[in-house]
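Report on one structure; see the data block that follows.
None of these values were measured; they are calculated from a predicted model. Here is the naming used below: chain letters follow the sequence lines, and residue numbers restart at 1 for every chain.
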Amino acid sequence: MPRHSNSAPSAANDDTVLDAKPIRTLSPMFPAPSGCTTISSSSAPPLVYVTPYTTFSSGSMPGHPAHFTPGMFPAFANSPTVVPHLATSQSDRASPVTPVPMSVSNGAAHVELNSNGPLHATPLSASFQAPPTMATPLNVVGNSFTSASGRKIKQPLHLSGYSIADSDKEDSDSKRSLRKKPKKTPIRDIVLLPPPQDPREAVEMILMTFDAIRRRVLQMDETKDTGKRPDLRASGLMMSSDMRANKGKRIGPVPGIEIGDIFYFRMELCLVGLHAPSMGGIDYMITTHDNQDDPVAVSVVSAGGYENDDDDVDVLVYSGQGGNSKDDQKLERGNLALERSLHRANHIRVIRGAKDLNVVNGRIYVYDGLYKVHESWVEKGKSGFKVFKYKFIREPGQPDGISVWKMTQKWIENPSSRGRVILPDISSGAENVPVCLVNDVDNEKGPSHFQYTTKVKYLRPISSAKTLQGCTCLSVCLPDDKNCSCADHNGGKLPYSSSGFLICRKRIIYECNACCQCTLNCRNRVTQKGVRLHFEIFRTKDRGWGLRSWDPIRAGTFLCEYTGEVIDEINTNDHGEEDDYIFQTSHVDDKTLKWNYGPELLGEPSTETASEVFKSFPITISAKNMGNISRFMNHSCSPNVFWQPVQHDHCDEGYPHIMFFAIKHIPPMTELTYDYGTSGLVFGRSKKCLCESPKCRGYFG
DNA sequence: GCTCGATCATGATT
DNA sequence: CAATCATGATCGAG
């Protein structure tokens, strides 16, 4: 039961209108009886929400300094042309084919209505008020707003290498010179990628780019004392380039974000429009109601920083902000917004923090869907000061969120608690971690027989003119060691972060080998140590068996190797059936290419062009008769896994190890898929694709 | 040598 | 603007 179907909209996304039935009084906060709430009839207005996919009124979209053209970015040279879908309504623009900046194309303009008339959504610090006409959507993303907000812009890292000839006239010098505030980073120096039409694609691209920059900054900064916080460096660069999705606050679901999505940094939540404050736990917006400002909460992050109990997955008791155990909390800011949300009964997004021991800081954020505040009260905290408490209850009918995470955590602690198990370890102890075989779907008893192997079986002894060479690093290879020949071999830098995440896709990664002086603890030995995650082979609805993980997986994490028999040619069996377990390096998809993006945004020239990096290798592997968990990984045109050639025990560069890594953060229990690619003109070998991706090519293999 | 908490300094956003 | 359920580094305990 994968929760993330590529095509099926979640129940929450259909939720365009807030239900008006919960009626509550404006129960006074002071004094409040501890632990109880007053419910009585009320005239509290229902809050109706219109999805942000309303059309833009002509001219409401401000001029945007960032232009891109298809093909400007190398890897998009053969991508479909970006459709300038606002061109018709933007006929007064200088250029009729100005593509839409990402943050605007995702539809940040929205309006809220209630039975009493329009309820205008106004950003907190917006200095303008839109005319209160019902028909006009209020655009909260205007450039004038963002520029006038006066936020401190950090100069980005050196940006060069690309230029955009087309400079905007709207943001003229005269306009700019009037402003005293620090001006926004000139975006024209950065090439923005075309915003994908699909909101999910847009969100994924933002997160992927963020993490690519973050990893690269981390790698660069390791040798210096300066420059901490790669997450902030990456997000600052992206924010100043307006590379973000779903800008502008909104109530309810965020396009492209699905329940269960996981995040590793608060800034990721900000970049995709899920939760704006970089530290604050409560995000709220000012609405107007009866000509009065009325704050309502839109999202909260429950990261366990306050004294909360978290036993029930559908209930969240959230503490108000402020006080800091040194003072009474006050009914202001977020606390006031939550109180107002109680009465307005609007949906609030909840992002739950959870412990993940695979991560250094041990924290992960899970989007858990929409909740409503059902009660509030005041109690004395441990320090004796007043603390606001808000009881959130999860709206029914939504896909499982944090409950999936809690379930898999239990299984990891005690694998026997996993039900519907056919085989507790399909590898029979060959892998470091047992691999469950399960079937939640039908009565199939398991895949047909094969020999489980963690090693590749070569046709003949691997021959190479060169012999293995090793580094002379003692103990472990260090990032600043100029004498490390292995770092040298990888282009001067160690290819993995200190915690073992791949930093950038390369044609081949060279890990330390048997000839190296360093120990097995060396960070340049990742894939050679084998499987680290809790995988399970599971029965899919309609695609046979598949692979997924109990652990949440961070982008860049090594998953497993494609093992099997190296073969010369693809054989059919006695019955003329094709070998369904072939791996070839024939095709690399867009998303894998994009994985390397980011360093370009840092001003680094692309060192290797796509054609060099992704030139195919002669190796063909069949996992039909023998193999490992990789043989169960299905194809998808929107994959979450890619392959990366790695060398660590021989030098024959035509026959590298094929290692799989996570493209993006992958929630537990999400099916792992990679792009099988197309073997070109081999008719008859193509199979109908069932991946349900909006970008599905329709066939593969 | 580790892991785990507590504490601290430095933060970006609205 | 100042407040904020971040981060990562550092230090000490176990």
Side-chain angles (χ1 to χ4, degrees), chain A residues 122-127 140-141 145-156 181-182 184-185 210 214 217-218 221-222 224-240 242 244 247-249 263-286 295 297-308 310 316-327 329-330 332-338 350-355 357-366 381 387-390 392 475-476 497-499 519 521:
Chain A
T122 311
L124 290 179
S125 51
S127 53
V140 295
V141 199
F145 160 54
T146 47
S147 299
S149 66
R151 127 184 106 76
K152 194 178 78 183
I153 307 278
K154 195 175 172 182
Q155 275 303 105
K181 306 291 170 78
K184 199 163 169 129
T185 305
F210 166 80
R214 202 200 106 253
V217 169
L218 182 69
D221 285 1
E222 273 187 326
K224 295 178 291 188
D225 295 338
T226 65
K228 294 163 186 171
R229 299 295 301 266
D231 56 320
L232 296 184
R233 297 266 299 281
S235 65
L237 190 56
M238 293 187 67
M239 295 288 280
S240 61
D242 228 13
R244 51 194 295 192
K247 200 159 120 185
K249 294 174 190 281
F263 304 87
Y264 287 83
F265 292 93
R266 284 290 298 266
M267 288 310 298
E268 291 179 320
L269 306 179
C270 179
L271 286 170
V272 299
L274 193 57
H275 185 86
S278 60
M279 297 177 80
I282 306 168
D283 193 8
Y284 58 100
M285 67 196 289
I286 306 291
V298 296
S299 61
V300 296
V301 176
S302 172
Y306 290 77
E307 308 149 12
N308 290 317
D310 52 333
L316 171 69
V317 176
Y318 194 87
S319 303
Q321 63 185 184
N324 227 291
S325 300
K326 293 169 197 153
D327 199 2
Q329 291 190 345
K330 297 185 179 60
E332 58 187 22
R333 298 164 173 276
N335 299 344
L336 180 60
L338 285 173
V350 168
I351 300 102
R352 290 192 186 239
K355 278 194 177 138
L357 297 176
N358 293 329
V359 191
V360 179
N361 71 2
R363 180 171 287 171
I364 185 175
Y365 300 97
V366 183
V387 176
F388 288 94
K389 292 285 183 175
Y390 300 90
F392 284 64
S475 181
V476 295
S497 73
S498 58
S499 35
T519 66
N521 291 327

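The side chain of A/Met239 approaches B/dT13 more closely than any other nucleotide in the set C/dC5, B/dT13, C/dT7. Nearest nucleotide to the side chain of A/Asp231, out of C/dT7, C/dA6, C/dT4: C/dT7.
Rounded to whole Å, atom C1' of C/dC5 lies 9 Å from atom NE2 of A/His275. B/dT14 atom P lies 14 Å from atom CG of A/Leu274, rounded to whole Å. If you measure from atom CG of A/Leu232 to atom P of C/dT4, you get 19 Å, rounded to the nearest angstrom. If you measure from atom CZ of A/Arg352 to atom C1' of C/dC5, you get 14 Å, rounded to the nearest angstrom. Taking atom CE on A/Met279 and atom P on B/dT13, their separation rounds to 13 Å, with Å as the unit. Rounded to whole Å, atom C1' of B/dT14 lies 8 Å from atom CG of A/Asp283. Separating the CE atom of A/Met238 from the P atom of B/dT13 is a distance of 12 Å, rounded to the nearest angstrom. Between the CD atom of A/Gln329 and the P atom of C/dT4 there is a distance of 9 Å, given to the nearest Å.
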Decide side chain to side chain contact (heavy atoms under 4.5 Å, CB included) for A/Tyr284 and A/Arg333; before the verdict, give the C-alpha distance in whole Å, the side-chain angles of both, and the deciding distance to 0.1 Å. CA-CA 8 Å; A/Tyr284 58 100; A/Arg333 298 164 173 276; 3.6 Å; yes
Would you check, one step at a time, whether the test side chain to side chain contact (heavy atoms under 4.5 Å, CB included) holds for A/Ile364 with A/Tyr264? CA-CA 5 Å; A/Ile364 185 175; A/Tyr264 287 83; 3.6 Å; yes
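Tested against A/Phe210 for a side-chain contact (heavy atoms from CB on, under 4.5 Å), the candidates A/Leu271, A/Val272, A/Leu237 yield a single pass: A/Leu271.
Both distances falling under 3.5 Å, in either a Watson-Crick or a G-U wobble arrangement, occur for no nucleotide opposite C/dC5.
Residues A/Arg266 and A/Asp231 are not paired through a salt bridge, judged by the lack of any N-O separation under 4.0 Å between the basic side chain and the carboxylate.
The aromatic ring of A/Tyr284 is not stacked on the base of B/dT14, since the criterion of ring centres less than 5.5 Å apart with planes inclined by under 30° is not met.
Between A/Arg229 and B/dG11 there is no side-chain polar atom (N or O) within less than 4.0 angstrom of OP1 or OP2.
Sequence order on DNA chain B of the closest nucleotides to A/Asn521 and A/Met267 puts A/Asn521 first from the 5' end. Nearer the 5' end of DNA chain C, as judged by each residue's closest nucleotide, is the contact made by A/Gly280, out of A/Gly280 and A/Arg266.
A side-chain donor-acceptor contact under 3.5 Å links A/Tyr318 to the backbone of A/Gly281.
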